[in-house]
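Because the structure is predicted, anything quoted here is derived from the model rather than measured. Each residue takes its place number in the sequence, starting with 1.
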Amino acid sequence: MTANSKQKPVSPQFITYIYPKFRQQEEQEPVSKQNLEKSFRFLAERSNIFHMSSSADLYNIPSSPSQSPRPGQKKGKRKREREKVFWYQKRGAKGIVGLICLVGLFFIFNGFMVLRLQLDDEISGNKDVSVRNSSSISVSIKGELKTIGKGKRQRKGTYDRMLALAAHSLAENKREPKDLWQELFVPASAWRPCADHRKWNPSEGNNGYILVTANGGMNQQRVAVCNAVVISRLLNSTLVIPRFMYSSVWRDVSQFSDIYQEEHFINYLTPDIRIVKELPKELQSLDLEAIGSVVTDADIGKESKPSFYLKNILPILLKNRVVHFVGFGNRLAFDPIPFQLQTLRCRCNFHALQFSPKIQETGAMLIQRLRKHAAHSGLLDHYLIGPYAEKNLQEKVGHAVKASRYLALHLRFEIDMVAHSLCEYGGGGEERKELEAYREIHFPALTLLKKTNKLPSPAMLREEGLCPLTPEEAVLMVAALGFSRKTHIFIAGANIYGGRSRLTALTSLYPNLVTKEKLLSATELEPFKNFSSQLAALDFIACTASDAFAMTDSGSQLSSLVSGFRIYYGGGKMPTIRPNKRRLADIFRKNNSIEWKIFELRVRKAVRQTKHVLQRPKARSVYRYPRCKECMCLTE
């Protein structure tokens, strides 16, 4: 053969001949480096022989006498050698298959990584393209966001990047998720209101009189009133129409009859307790503080059990004939409490407290304009605005238009909430000084606590989800959930901390954003001027009647009461968005790097997990979670 002739690979027959000799040599001699080298050298020499030989020489291999088979070799030995050859071939096949699998896995993994890189490049490319070729919407939003940055107060940690991504996403006019305006779970419709069912005789109220001066805003006062109703029944006492305390925060002199229908309240609860408008004349002249009948919040633990009142308050009542609760903020536990008393609590909140005609009439106008004069009434209109719901329908006849859905967003970002939270919102030293000064005037106890105790840092509070959502965070949440740019949004809340500039992000992304001040004329709002509790009642009506309601602070009383009202009367058709602020805080921390699609997925997951239809958790508020056997009935 010539030097240029092609070499043929080692044939299986050569392996069949060679391998038993190599194997036999291993068995006879100790395995050592020298033996291994000798064996591999032997294998290489044989291999060269067959590279130079034709296939016809496979059975005529020249070999030394020591290497050739001896005549008369036993058949059993040949059989063992053939079995050894088969084992080698099988082992070699497994090795080849394993190698192929490893190579295949490598290419699959490599392909996945390449695909991921391409997807990231595509997202980045799309972002770059939309930055260069964005619509006028995106350009105007970006310009307005820059305007915010040039304001008086420079804020750190703003969401300019995420707001720009949100603008690009909204400009695409994507279809809204199907379940956006619906409750996710059908079981919600199985719960029906039934707190109006009574199974006891009226209380005579023989043990004395209960006075209550409730503090806080309209929603805190509402809770205090219903708790006072329960205490009056518990102590077999007569309730005097509650009074509301003037607050330096709310600066509102409104009293019970300015907000609620006094006669309806008395008449509706007559089968439960005795209610009068004022103390008898013989008791009016008493110095209640001097005789020890004044009980403040310092005297009662938060969420005290009924047994506390029976043990500590009833003796005072029997002795002095009157007890005056001052403050009475959240001073009655939700569990344990007798079944019928819990039902009475719900009956007071959902049935007995109806807004005054003045508030109902203006609330009806507010709802009518939010719905663009649509020829339909909402599920809760009758319970919120009473006879004015029918009046709205009569006015709509003849010029009915397509129903206009709206989202109500309770933006709890007033200065009192911001200051009380002890969080920071990007305003730096100027913001810290301003909020500290506010705390010293309005929350002196909190200021003292801060000076004498080591409190969690603002960063830790935010991580734990204890800070109210900022307007920027709220609008990012709404956009991530999939509400289109055309969505009509009603903003509840007054005097947003930071002024109108703080709402620029909201109005830029959602131009159909309104407040009660924008929908109602100055003349229509004049009767409510300087009455923050009455204005809060209008917000309550607009939020409760909305097609979807989003809260931004789960600790807000208004959000809690609105949510409970929508559960009680909504029949499973009034969706409420209750964000998990701890999960959202973790998502917002990545605002400098997270991509919009990932942000959307994570926000939707965080909100979806709060939409489960569950019965009221133990010791939780029946005002917020009325799905319990004391307040609602579960139908099959």
Fill in the blank from the handout: Per ring-ring contact (aromatic ring centres under 6.0 Å, His included), F350 is matched among Y568, Y623, Y268 by Y568

Practice task
Kindly compute the distance separating CD1 (I337) from NZ (K305), expressed to the nearest 0.5 Å.
Solution key: 12.0 Å

Fill in the blank from the handout: Shortest non-hydrogen pair, N320 vs S293, comes out as ND2-OG, 2.9 Å

Handout entry: Evaluation steps, side-chain contact (heavy atoms from CB on, under 4.5 Å), between N215 and D297
Key = CA-CA 10 Å; N215 62 4; D297 284 354; 4.0 Å; yes

Problem - Ion pair check, D547 and R371, cut-off under 4.0 Å - result: no

Exercise for the section: Before accepting this row, confirm whether a basic side-chain N of the pair D272/R198 lies closer than 4.0 Å to the acidic partner's carboxylate O. Expected result: yes

Problem - I567 vs R627 side-chain heavy atoms within contact, under 4.5 Å - result: yes

Exercise for the section: Would you check, one step at a time, whether the test side-chain contact (heavy atoms from CB on, under 4.5 Å) holds for R243 with Q255? Expected result: CA-CA 6 Å; R243 294 188 61 81; Q255 290 303 319; 3.6 Å; yes

Exercise for the section: Measure from the side-chain N and O atoms of D539 to the backbone N and O of G493, and report whether any donor-acceptor pair falls under 3.5 Å. Expected result: yes

Completion exercise
Residues L317 and S237: closest non-hydrogen pair is CD2-CB, 3.7 Å

Handout entry: Pair E464 + R582: basic N to acidic O under 4.0 Å
Key = yes

Handout entry: G329 backbone acceptor or donor facing R331 side chain under 3.5 Å
Key = yes

Exercise for the section: Check whether any side-chain heavy atom of Y388 sits under 4.5 Å from a side-chain heavy atom of I367, and report yes or no. Expected result: no

Practice task
Please say which of R620, R616, K618 ends up in a salt bridge (charged side-chain N to carboxylate O under 4.0 Å, His left out) with D335.
Solution key: R616

Practice task
Kindly indicate whether a cation-pi arrangement holds for R345 with F334, taking the cut-offs as under 6.0 Å to the six-membered ring centre and within 45° of the axis.
Solution key: yes

Problem - Polar side-chain atom of H382 near backbone of E390 as donor-acceptor pair, under 3.5 Å - result: no

Handout entry: Note, V326 side chain near M245 side chain (heavy atom, < 4.5 Å)
Key = yes

Exercise for the section: Tell me yes or no: between the side chains of T576 and R566, is some donor less than 3.5 Å from an acceptor? Expected result: yes

Problem - Exercise: do Q221 and Y260 side chains pair donor with acceptor under 3.5 Å - result: no

Problem - Donor-acceptor pair, side chain of E431 and main chain of G427, under 3.5 angstrom - result: yes

Problem - Distance, nearest 0.5 Å, that separates CG of L235 from CG of L310 - result: 6.0 Å

Completion exercise
Nearest heavy-atom contact between V622 and Q342 is CG1-CD, 3.7 Å

Exercise for the section: Walk me through it: do C467 and C423 pass the test disulfide (SG to SG under 2.5 Å)? Expected result: CA-CA 6 Å; C467 300; C423 300; 2.0 Å; yes

Problem - Min side-chain heavy-atom separation L520-F528 under 4.5 Å - result: no

Practice task
Answer yes or no: is there a donor N or O on one side and an acceptor on the other, between the side chain of R192 and the main chain of S189, under 3.5 Å?
Solution key: yes

Practice task
Answer yes or no: is there an ion pair linking E282 with R321, defined by an N-O contact shorter than 4.0 Å?
Solution key: no

Exercise for the section: Indicate yes or no: does R439 engage E436 in a salt bridge with an N to O separation below 4.0 Å. Expected result: yes

Problem - Check against side-chain hydrogen bond (donor to acceptor under 3.5 Å, both in side chains), T296 and D299 - result: CA-CA 5 Å; T296 67; D299 303 316; 3.2 Å; yes

Handout entry: Taking every non-hydrogen atom, the tightest pair across M551 and P579
Key = O-CD, 3.1 Å

Practice task
Verify the neighbour count for atom NZ of K358: are there more than 12 heavy atoms of other residues, nucleotides or ligands below 6.0 Å?
Solution key: yes

Exercise for the section: With side-chain contact (heavy atoms from CB on, under 4.5 Å) as the test, would you mind laying out the steps for D258 and F244 before giving the verdict? Expected result: CA-CA 11 Å; D258 297 317; F244 298 149; over 6 Å; no

Exercise for the section: Begin from the C-alpha positions of I275 and T270 and carry the test side-chain contact (heavy atoms from CB on, under 4.5 Å) through to its verdict. Expected result: CA-CA 7 Å; I275 305 175; T270 294; over 6 Å; no

Problem - ring-ring contact (aromatic ring centres under 6.0 Å, His included) partner of F355, the single match among F540, Y383, F256, F265 - result: F540

Practice task
For the pair T610 (side chain) and R578 (backbone), establish whether a donor and an acceptor sit closer than 3.5 Å, ignoring hydrogens and angles.
Solution key: yes

Practice task
Given side-chain hydrogen bond (donor to acceptor under 3.5 Å, both in side chains), test S559 with R412 step by step and report yes or no.
Solution key: CA-CA 9 Å; S559 292; R412 187 68 172 94; over 6 Å; no

Completion exercise
All heavy atoms of F413 vs all of R502, minimum pair found to be CE2-NH1, 3.7 Å

Handout entry: Short N-O contact, K277 and E263, less than 4.0 angstrom
Key = yes

Fill in the blank from the handout: All heavy atoms of C226 vs all of N349, minimum pair found to be SG-N, 3.4 Å

Completion exercise
Between the OG1 atom in T238 and the CG atom in L279, the distance rounded to the nearest 0.5 Å is 10.0 Å

